[in-house]
Number of protein chains: 2
Amino acid sequence: MQDVARLAGVSISSVSNYLADYPYMKPITKQHIQEAIDALGYVTNERARSLRSGRTGLISLSIPSLTQAYFAELAEEIIAAARRRGYGILIESTGFSRDWELASVAAMARRATDGLIMSPLAMEDSDIPRLRGEFPLVLLGERLFDVPAPHVLVHNVEVGRALTEHLIAAGCETIAFLGGVLESNHPSAEVLRTKGYVQALEAAGRPVRPELVRTLVGEATSRAGVELVERMVAEGVKPDGVVCYSDLVAFGVVRQLREMRVRIPDDVRVVSIDNLDEAQYTMPSLTSVELGRRQIAELAVDSILKQVKEGRAPAGELYADYEIMYRESSPAVGS
Amino acid sequence: MQDVARLAGVSISSVSNYLADYPYMKPITKQHIQEAIDALGYVTNERARSLRSGRTGLISLSIPSLTQAYFAELAEEIIAAARRRGYGILIESTGFSRDWELASVAAMARRATDGLIMSPLAMEDSDIPRLRGEFPLVLLGERLFDVPAPHVLVHNVEVGRALTEHLIAAGCETIAFLGGVLESNHPSAEVLRTKGYVQALEAAGRPVRPELVRTLVGEATSRAGVELVERMVAEGVKPDGVVCYSDLVAFGVVRQLREMRVRIPDDVRVVSIDNLDEAQYTMPSLTSVELGRRQIAELAVDSILKQVKEGRAPAGELYADYEIMYRESSPAVGS
DNA sequence: ATGAAAGCGCTAACAG
DNA sequence: CTGTTAGCGCTTTCAT
């Protein structure tokens with residue numbers, strides 16, 4: 001920068017001003033500086049800039065695992081949203097471990113990044129005090145509500161309700177929820193989505209039959225979807241409409257139903273949530289809810305950037321819009 | 001740090017020495033410093049450290065897309081490998097675009113990270129000069145060989161050969177390669193894997209029948225796999241063994257074969273490459289090659305760290321070991 | 001075995 | 001509109 005200043009015949013601070021788009025500057029001066037920059041191939045050293053300015057241009061993203069397609073696709077959107085704003089994303093994969101989640105919070109004190117977007121899945125209420133602090137923070141999902149920071153949320157209840165309403169409108173008589181949880185006071189995605197399912201049934205004056213709500217045993221994989229269908233059918237439960245907790249589960253559900261020669265959507269309609277890339281490519285393609293990942297990404301990044309300027313934002317809820325993407329497994333019905 | 005020094009009754013540089021594990025230091029001094037650090041809750045400011053030391057503790061990872069499961073899972077391993085060495089990973093998703101790939105190279109001049117691990121898929125030979133420079137660099141994959149930097153590679157030819165040999169040993173008479181490319185001088189993964197397939201057939205004294213090598217039209221999705229099978233069967237080509245270019249393609253291949261009531265592995269054995277997480281969960285589970293993602297990750301990160309110390313390494317090839325993971329779609333055969 | 005001093009390269013008041 | 005000045009918080013010789 002010294003060299004640029006010398007070559008341009010100006011002071012070092014004019015160069016700095018130029019780089020910062022300082023408005024009051026003679027065009028001729030600008031031009032000289034630009035020429036010197038080009039001649040020397042100068043690029044600013046981000047390390048020095050960040051020490052002095054207090055900003056790194058980086059945001060930490062702490063998510064459970066990139067191996068889970070939903071998180072990978074969300075990360076992709078967050079990277080894109082950050083880049084549009086001139087920011088970079090440092091990814092920390094926490095593997096559903098409380099220790100790693102806490103580690104990524106602790107790392108904020110080291111000021112290697114300007115803020116943290118995190119999906120706290122393993123942290124406990126007792127860890128909430130550690131999330132206090134001045135650093136910009138955004139939480140993804142409905143856990144840990146008492147943290148003094150904004151939460152970016154998905155309309156889980158409404159999504160469950162909308163999908164169920166769609167199946168009702170399509171004429172389904174017996175609607176199952178695979179991967180749901182009926183009784184619980186923990187506000188997990190499963191519970192909330194199931195709540196929406198129940199609301200829709202009740203609004204339609206239908207009974208909620210517990211044998212139609214099948215809870216996942218382990219992780220939400222397609223194998224789990226296969227098993228859920230096997231067990232349900234073995235018990236003689238035969239729905240003509242199925243809401244799946246997630247696309248991964250739905251992939252297994254669809255596969256197993258076809259295996260059993262059930263026609264989709266003719267015999268059974270299948271709908272799901274996540275709208276993974278792969279949902280377009282299955283046979284049949286899968287009707288699924290786009291949870292607004294792009295919007296989630298933008299809300300989260302924008303909130304961080306705002307907090308960088310104005311300090312930690314208070315607790316609050318930012319909701320993303322969802323959309324049912326109708327595909328072959330359950331086409332839209334004309335209203 | 002000032003405060004810590006004052007409280008411990010030592011100089012600021014002793015604190016720095018302590019933090020750097022300087023060996024010649026009285027235990028009592030160390031203890032005082034540690035007490036002061038604990039009392040004040042001091043943590044080093046990484047920004048200042050990196051300005052002075054020239055190291056950021058971050059590595060850039062430039063890959064096409066996290067939406068592609070293979071890259072997402074590779075990224076996961078690289079993040080883990082970096083973390084084990086105290087490093088963080090900044091992910092840049094280039095979306096197969098040459099401009100974004102070049103941007104992530106250009107960003108290195110800004111010194112926001114210590115090195116770059118990149119998968120150059122869209123860059124051209126004419127861009128090679130831009131990859132010259134002093135910054136630590138590791139290339140993933142077989143493209144752009146004339147770059148003066150180490151390449152981390154997968155034994156593509158051998159993998160294609162080993163899978164084909166396995167099918168031959170299993171008694172398959174008619175072996176197809178779905179997603180292969182027979183004629184080409186570009187050393188892409190498709191071409192190399194197909195070359196291995198050809199080698200195995202020739203070694204077994206079998207003819208290479210061009211109608212058995214089906215080239216993908218668009219991206220390697222499961223939908224493409226479905227279409228490949230449809231077209232092949234429509235042409236009357238009916239293999240009893242299938243090597244798929246990747247797991248994603250294989251998912252579609254398996255789905256379509258079952259759709260056509262072909263039994264796997266009884267009528268047709270199916271093998272593939274990538275060993276995605278999902279390969280264990282399909283029906284039947286998929287025999288697939290683990291390309292040694294973990295080793296790829298460690299080789300790449302270690303090379304970067306070595307280059308951080310010793311400067312850009314010369315061109316060279318680092319190979320990861322592969323392993324066939326036998327599953328239901330083609331169980332191992334007793335030799 | 002410890003301390004003093006000199007910056008790393010840049011930004012941000014503030015003065016002119 | 002441009003230049004001077006004073007550091008950001010740490011590491012790193014080099015003395016002692």
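Letters A, B, ... are given to chains in the order of the sequence lines, protein chains preceding strands, and every chain is numbered from 1.
Nucleotides of DNA chain D that come within less than 4.0 Å of any heavy atom of chain B span, from the 5' end to the 3' end, dG9(D) to dT12(D).
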When every nucleotide of nucleotides 9-16 of chain C is labelled 5' to 3' by its protein contacts under 4.0 Å (heavy atoms), B for base, S for sugar-phosphate only, - for none, what sequence of letters results? BBBB----
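With sequence neighbours excluded, no residue forms a side-chain hydrogen bond (donor to acceptor under 3.5 Å, both in side chains) with R312(A). Residues passing the side chain to side chain contact (heavy atoms under 4.5 Å, CB included) test with D321(A) are Q295(A), sequence neighbours excluded. Remark: R293(A) engages E73(A), E290(A) in a salt bridge (charged side-chain N to carboxylate O under 4.0 Å, His left out) (not counting sequence neighbours). Here D125(B) pairs with nothing under the salt bridge (charged side-chain N to carboxylate O under 4.0 Å, His left out) rule; sequence neighbours left out. Every residue two or more places apart in sequence or in another chain that forms a side chain to side chain contact (heavy atoms under 4.5 Å, CB included) with S50(B) is listed here: R47(A), T56(B). For R83(B), the side chain to side chain contact (heavy atoms under 4.5 Å, CB included) partners are W100(A), not counting sequence neighbours.
A salt bridge links R49(B) with E46(B); the closest basic N to acidic carboxylate O contact falls under 4.0 Å.
More than 12 heavy atoms of other residues, nucleotides or ligands lie within 6.0 Å of CG in D38(B), so this atom counts as buried by the packing criterion.
Near-neighbour residues of DNA chain C inside residues 24-36 of chain B, defined by a heavy atom below 4.0 Å, number-ordered: Y24(B), M25(B), K26(B), T29(B).
With contacts defined as side-chain heavy-atom distances shorter than 4.5 Å, the pair D127(B)/V105(B) does not qualify.
Put simply, the side chain of R85(B) gets close to the backbone of A81(B): a donor and an acceptor are under 3.5 Å apart.
Between the two ends of the helix from dA1(C)-dT16(D) to dG16(C)-dC1(D), each summarised by a five-pair axis, the helix axis turns through 30° (rounded to 10 degrees).
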For residues 87-95 of chain B, which side-chain N or O atoms pair as donor and acceptor with protein atoms under 3.5 Å away, sequence neighbours left out?
from, atom 1, to, atom 2, distance (Å)
Y87(B), OH, D114(B), OD2, 3.1
S93(B), OG, E76(A), OE1, 3.1
S93(B), OG, E76(A), OE2, 2.7
S93(B), OG, P64(B), O, 3.3
T94(B), OG1, I63(B), O, 3.3

Please tabulate, one pair per line, all N/O donor-acceptor pairs under 3.5 Å involving side-chain atoms of residues 20-31 of chain B, not counting sequence neighbours.
from, atom 1, to, atom 2, distance (Å)
Q31(B), NE2, E35(B), OE2, 2.9

